[in-house]
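Note sheet for the following structure.
Sequence lines set the chain letters: A, B, ... in the order given, protein chains first and strands last, and positions in each chain run from 1.
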2 protein chains.
Amino acid sequence: MVYSYKDILAELRREGYKITPQRRAIIQIMEATESHMTPLEIYSRTNSSSGISLVTIYRTLDTLEKAGLICQFNTQSGHTSYLLRRPRSHHHHLVCSVCGLVVNIGECGLEEVEERVSKDTGFKIVSHTLDMSGVCPECQKNNRQTLGRDFC
Amino acid sequence: MVYSYKDILAELRREGYKITPQRRAIIQIMEATESHMTPLEIYSRTNSSSGISLVTIYRTLDTLEKAGLICQFNTQSGHTSYLLRRPRSHHHHLVCSVCGLVVNIGECGLEEVEERVSKDTGFKIVSHTLDMSGVCPECQKNNRQTLGRDFC
DNA sequence: ATAATAAGTGAAAGTCTTTTTCATTTAGCG
DNA sequence: CGCTAAATGAAAAAGACTTTCACTTATTAT
Ligand SMILES: [Zn+2]
Ligand SMILES: [Zn+2]
Ligand SMILES: [Zn+2]
Ligand SMILES: [Zn+2]
């Protein structure tokens, strides 16, 4: 499902949230980019023009998340937690460990794995995250070393 | 590969680090548990007896990580970043979204997936993380609700 | 339109976790 | 021993996020 700017406003209204200039601005910024953004990144794109406070960014992101319109992503490599708008479909990320480039992967085909794990553990499996790490073509070309190490 | 207490000390020595009582204590605590621990958890197990400071825990974990003897794990759900000693083998985690129980999964069988993605993207894939989220048997029994939502 | 009101905003203070600084201690080594 | 560089602890600082509270504004009901 694809959410447009209008869809998002409608959904917010439907859930009883008010449509403020700040929220409009934040949604438009997120609408304008395909990639993940930290609250601070959003802030830096909005700051000069409209004087929105960082607190409001945090609160709006929280609101949008509660409304199911965006979701969070925390990289395995650390404390940098990104936010992005809800993706068109289930997908995963492939990250270059040298330059940080993030590429989306569709089609994971993990249904059988989930089934097997469910049988083994008794868990009802609701979702999964799969992230791959490697070296992107560009970094391979430039022969830059990977920082990669086995994850736990 | 399995690291024992002795192995770890030897490796630290080999890399020119000093063996202090604090480091011994921290390594022993980590050696004594199979599961992930936050710096604070380690601290709370050590505090009363030997009076090790939390700062030292952070620094020792950093050192052990640099020496490749432990590694980090940041849950998808947030800021809680766990640390654990190097696992015996490649494995993944299954987390109960209700109670937080973490179970290890061996055998992911993602080699074909990696191969396909590599072909599609040109990346040289070095590693991957796979985490599953669901409801554990206990929480299913107690009919406790999952907080689960599709990840991004 | 206007007024009422509940929600939203911004500034500042407060948390919480992690890092840095710096004076003091100690492990490792001759 | 005694030296020296590394490690430690206390306190301060940093960074990311949350809370508080007085003020403003979007919605709604008149
Ligand atoms: Zn790259
Ligand atoms: Zn998937
Ligand atoms: Zn559970
Ligand atoms: Zn795997």
Side-chain angles (χ1 to χ4, degrees), chain A residues 6 8-29 36-44 46-67 69-84, chain B residues 6 8-29 36-67 69-83:
Chain A
K6 277 191 162 180
I8 292 171
L9 293 191
E11 179 64 15
L12 283 181
R13 264 194 209 93
R14 209 185 59 71
E15 300 227 6
Y17 294 109
K18 291 183 179 176
I19 309 302
T20 66
Q22 292 89 338
R23 286 179 177 170
R24 281 176 192 277
I26 292 168
I27 293 163
Q28 280 174 329
I29 289 167
H36 301 204
M37 280 190 287
T38 61
L40 209 62
E41 279 167 355
I42 296 172
Y43 181 58
S44 67
T46 198
N47 195 16
S48 44
S49 48
S50 42
I52 298 174
S53 107
L54 184 54
V55 193
T56 298
I57 310 255
Y58 278 110
R59 282 192 281 225
T60 297
L61 291 173
D62 208 55
T63 300
L64 291 172
E65 216 262 326
K66 275 194 192 112
L69 295 164
I70 60 168
C71 52
Q72 281 195 331
F73 178 73
N74 301 292
T75 63
Q76 199 59 28
S77 50
H79 33 300
T80 43
S81 92
Y82 297 142
L83 285 148
L84 79 169
Chain B
K6 277 192 163 182
I8 292 171
L9 292 191
E11 179 64 13
L12 283 181
R13 264 194 210 96
R14 209 185 58 70
E15 300 226 6
Y17 294 110
K18 291 183 179 175
I19 309 301
T20 65
Q22 291 90 341
R23 286 179 178 169
R24 281 176 192 279
I26 292 168
I27 294 164
Q28 280 175 329
I29 288 167
H36 300 207
M37 280 190 286
T38 61
L40 208 62
E41 278 168 357
I42 296 173
Y43 181 58
S44 68
R45 298 205 195 181
T46 198
N47 196 15
S48 43
S49 47
S50 42
I52 298 174
S53 109
L54 183 54
V55 194
T56 298
I57 310 255
Y58 277 109
R59 283 192 281 224
T60 297
L61 292 172
D62 208 55
T63 299
L64 290 172
E65 216 262 326
K66 276 194 191 114
L69 296 164
I70 59 167
C71 52
Q72 281 196 330
F73 179 73
N74 301 290
T75 62
Q76 199 60 30
S77 51
H79 33 299
T80 42
S81 92
Y82 296 144
L83 286 148

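For the pair A:Arg23 and C:dG8, the criterion of a side-chain N or O lying under 4.0 Å from OP1 or OP2 is met. Under 4.0 angstrom from either OP1 or OP2 of C:dG10 there lies at least one side-chain N or O belonging to A:Gln22. The shortest distance between the side-chain N/O atoms of B:Thr56 and the OP1/OP2 oxygens of D:dG9 is below 4.0 Å. Phosphate contact (OP1/OP2 of C:dT9, side-chain N/O of A:Thr20, threshold under 4.0 Å): present.
Side-chain proximity of A:Tyr58 to D:dT8, D:dA16, C:dT19: nearest is D:dA16. Counting only heavy atoms from C-beta on, A:Ser53 has its side chain closest to C:dG10 among D:dT8, C:dG10, C:dG8. Which of C:dT20, D:dT27, C:dT18 sits closest to the side chain of B:Arg59 comes down to C:dT20. For B:Pro39, the side-chain atoms get nearest to C:dT18 when compared with the rest of C:dA7, C:dT18, D:dA6.
The distance from atom CD1 of B:Ile19 to atom P of C:dA27 is 11 Å, rounded to the nearest whole Å. Residue B:Arg14 contributes atom CZ, which lies 16 Å from atom P of C:dG28 at whole-angstrom precision. Between the P atom of C:dT17 and the CG atom of B:Leu61 lies a distance of 15 Å, rounded to the nearest Å. Separating the NZ atom of B:Lys66 from the P atom of D:dA7 is a distance of 10 Å, rounded to the nearest angstrom. Between B:Leu9 atom CG and C:dA27 atom P there is a gap of 14 Å when expressed in whole angstrom units. Computed from coordinates, the A:Leu12 CG to D:dT27 C1' distance equals 14 Å when rounded to whole Å. Protein atom CD1 of B:Ile57 is 12 Å distant from nucleotide atom P of C:dT18, rounded to whole Å. Atom pair B:Tyr43:OH and C:dT17:C1' shows a separation of 14 Å (rounding to whole Å applied).
Remark: side-chain polar atoms of B:Glu65 are not paired, donor with acceptor, to backbone N or O of B:Asp62 under 3.5 angstrom.
A:Leu54 comes within 4.0 angstrom of nothing in the nucleic acid, heavy atoms only. A:Leu40 comes within 4.0 angstrom of nothing in the nucleic acid, heavy atoms only.
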- Criterion side-chain contact (heavy atoms from CB on, under 4.5 Å) on B:Gln22 and B:Thr46, from CA distance to verdict: CA-CA 9 Å; B:Gln22 291 90 341; B:Thr46 198; over 6 Å; no
- Checking side-chain contact (heavy atoms from CB on, under 4.5 Å) for the pair B:Tyr43/B:Leu40: CA distance, chi angles, key distance, verdict? CA-CA 5 Å; B:Tyr43 181 58; B:Leu40 208 62; 4.3 Å; yes
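Side-chain N/O atoms of B:Thr60 and B:Thr56 include no donor and acceptor closer than 3.5 Å.
Looking at which nucleotide of DNA chain D each of B:Gly16 and A:Val55 is closest to, the 5′-most match is held by B:Gly16.
B:Leu9 approaches B:Arg24 most closely through the heavy-atom pair CD1-NH1, 3.5 Å.
The base of C:dG28 has none of its N or O atoms less than 3.5 Å from a complementary donor or acceptor on the side chain of B:Arg13.
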